[in-house]
Amino acid sequence: MEWVDWSNALERAVCWLDDVHWQISRGDDLQLALESLFRGLTLLHRKWDREEWTRFCLEIVRTHPLREVIHQCPYTRHGFEKPRGYAGDAVLIDYLYEEHQGPLSPMGRDIYHFLWNQSGPRSVRERRELLAQEIDATAERVHQPRILSVACGHLREAEHSRAVAEGHVGDFIAFDQDPDSLEVVAQQHPSHLVRPVCGTVRSILMGKTSFPEMDLIYSAGLYDYLSEAVASRLTRLLFGMLRPGGRLLVGNFATRTPDAGYLEAFMDWWLLYRDENQVRAFASEINPEEIASVEQFRDSVQNVIYMVLTRR
């Protein structure tokens with residue numbers, strides 16, 4: 001894009017943010033203003049190249065008075081401030097599971113409610129149910145199965161699993177780098193059926209950490225942050241931990257996910273969005289003769305791509 005064209009586009013974008021801020025400040029219909037903001041960010045995210053979009057987020061949105069208004073939403077503010085030092089922590093994801101009931105300003109509550117109903121949070125809630133169903137299906141397929149969740153967060157899917165509730169899982173390893181998240185897991189599962197293990201993905205990649213003879217391994221929120229090379233290597237190593245007939249399930253948010261513009265502009269939350277071919281490439285380092293089957297599918301709102309590899 002020519003510099004003059006980019007300058008004009010940036011000026012128009014600033015005027016648009018000014019208009020949204022003005023609408024909210026004067027008490028216009030908040031729902032309409034938020035819909036305008038959400039749609040506009042989605043459009044700009046898809047239209048501008050990466051450099052232009054990043055500059056808009058860092059130089060314009062961060063200093064615009066609209067940001068302070070929007071950050072009355074506790075979910076948005078938590079994502080931007082990153083109190084645990086990294087994006088997408090387990091506390092943030094909990095905001096998407098059940099609507100936060102703490103003290104909020106009326107504006108903050110309404111913004112949060114609007115965002116909670118967008119397609120991205122719906123995909124996160126659907127992911128929790130899908131994982132719970134996969135856990136239950138594994139327990140039906142295998143007596144007292146061994147299950148591993150990589151980057152487990154608060155492991156909320158286990159709270160929705162019938163197999164976990166009824167004690168039909170032999171060993172459930174909850175693996176995460178965040179000890180605070182694992183403390184929540186331990187509190188939610190005091191029977192020790194679930195075993196919290198603190199460690200990093202790097203330790204798996206370096207061969208220092210391994211969990212052999214697993215019947216199910218899944219990692220549904222981690223791959224959105226991994227480079228292609230790291231994702232492929234991790235997939236090979238996790239697949240190698242499976243027993244024959246074991247399943248590895250991974251997920252990645254898809255390109256053109258509508259929420260991406262808002263997440264990056266107002267929450268400083270940058271995921272790596274991928275298409276089916278890129279997700280399929282996660283298995284590129286695995287010997288094809290070791291794979292019994294490959295399944296790929298999207299969630300009901302088409303935001304998340306899942307891949308399931310079954311070991312021969």
Side-chain angles (χ1 to χ4, degrees), residues 88-100 116-176 178 181-197 211 214-224 235 238-239 241-243 245-254 257 279 293 295-311:
D89 63 49
V91 176
L92 183 72
I93 301 303
D94 275 353
Y95 275 111
L96 303 181
Y97 287 148
E98 308 296 338
E99 284 202 74
H100 180 71
W116 196 85
N117 285 291
Q118 298 307 306
S119 68
R122 293 205 306 273
S123 288
V124 172
R125 293 190 289 274
E126 183 175 324
R127 182 176 69 189
R128 176 182 57 180
E129 300 308 314
L130 182 149
L131 296 176
Q133 292 168 13
E134 187 69 26
I135 293 167
D136 291 346
T138 302
E140 292 179 2
R141 178 173 54 86
V142 179
H143 178 66
Q144 295 292 297
R146 286 171 49 80
I147 297 174
L148 168 64
S149 173
V150 180
C152 66
H154 288 163
L155 201 74
R156 297 302 188 192
E157 61 274 7
E159 299 171 30
H160 287 242
S161 164
R162 183 183 67 257
V164 172
E166 297 176 356
H168 296 322
V169 175
D171 189 18
F172 198 141
I173 299 171
F175 184 77
D176 202 281
D178 191 333
S181 293
L182 294 178
E183 179 62 29
V184 173
V185 172
Q187 292 172 359
Q188 291 297 118
H189 302 279
S191 66
H192 305 294
L193 177 67
V194 175
R195 179 158 58 100
V197 177
F211 304 98
M214 307 305 296
D215 297 293
L216 170 66
I217 300 175
Y218 66 87
S219 187
L222 172 65
Y223 278 69
D224 301 295
T235 301
L238 294 178
F239 186 82
M241 299 179 196
L242 294 172
R243 289 171 172 164
R247 287 161 63 88
L248 170 62
L249 182 152
V250 299
N252 206 115
F253 267 89
T257 296
V279 171
S293 65
E295 306 168 49
Q296 272 193 312
F297 58 93
R298 291 199 182 205
D299 67 3
S300 65
V301 288
Q302 305 298 302
N303 282 341
V304 180
I305 302 169
Y306 292 98
M307 179 171 68
V308 182
L309 304 173
T310 303
R311 185 164 188 177

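Reckoned from all heavy atoms, side chains included, excluding hydrogens, waters and symmetry mates. It should be emphasised that the depicted structure is a prediction, and the values quoted were computed from it without experimental measurement.
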Would you sort out whether Leu130 and Asp299 count as a side-chain contact (heavy atoms from CB on, under 4.5 Å), showing the intermediate values? CA-CA 9 Å; Leu130 182 149; Asp299 67 3; over 6 Å; no
Original post:
What's the verdict on side-chain hydrogen bond (donor to acceptor under 3.5 Å, both in side chains) for Gln133 and Glu129, showing C-alpha distance, side-chain angles and the deciding distance?
Top reply: CA-CA 6 Å; Gln133 292 168 13; Glu129 300 308 314; 5.4 Å; no
Here the pair of heavy atoms bringing Met241 nearest to Phe211 is CB-O, 3.2 Å
Between Leu96 and Arg125 the two heavy atoms that sit nearest each other are O-NH1, 2.8 Å
Is it true that a side-chain atom of Arg311 and a backbone atom of Gly245 form a donor plus acceptor pair closer than 3.5 Å?
no
Between Asn303 (side chain) and Ser119 (backbone), is there a donor-acceptor pair under 3.5 Å?
yes
Under the rule for salt bridge (Lys or Arg N to Asp or Glu O under 4.0 Å), what residues qualify as partners of [X], not counting sequence neighbours?
X	value
Arg128	Glu98
Asp224	none
Asp176	none
Asp136	Arg162

Notebook entry, point to check: Quick one: does Leu155's side chain get under 4.5 Å of Ser149's, heavy atoms only?
Noted result: yes
*May I ask you to test the Tyr218-Glu134 pair for a side-chain heavy-atom distance under 4.5 Å?*
no
Q: Would you please indicate if the ring centroids of Phe253 and Tyr223 are separated by under 6.0 Å?
A: no
When rounded to the nearest 0.5 Å, the distance separating CG of Leu248 from OG1 of Thr310 is 9.0 Å
Those residues at least two apart in sequence (or on a different chain) that pass side-chain contact (heavy atoms from CB on, under 4.5 Å) with Pro196 are Leu182, Val185, Ala186
query: After noting the C-alpha distance and the side-chain angles of Thr138 and Asp215, does the key distance pass the side-chain hydrogen bond (donor to acceptor under 3.5 Å, both in side chains) rule?
result: CA-CA 7 Å; Thr138 302; Asp215 297 293; over 6 Å; no
Residue set satisfying side-chain hydrogen bond (donor to acceptor under 3.5 Å, both in side chains) with Arg146, at least two apart, ordered chain then number -> Asp171
Quiz item: In terms of side-chain geometry, is the basic nitrogen of Arg127 or Glu157 positioned less than 4.0 Å from the acidic oxygen of its partner?
Solution: no
| query | Is Glu295 salt-bridged to Arg247, going by a charged N under 4.0 Å from an acidic O? | reply | yes
- Task: I would like to know whether Val91 and His154 meet side-chain contact (heavy atoms from CB on, under 4.5 Å); could you show each step before the answer?
- Result: CA-CA 8 Å; Val91 176; His154 288 163; 4.2 Å; yes
Hey, what's the ring geometry for Phe297 with Tyr306, parallel, tilted or perpendicular (30° and 60° as the breaks)?
parallel
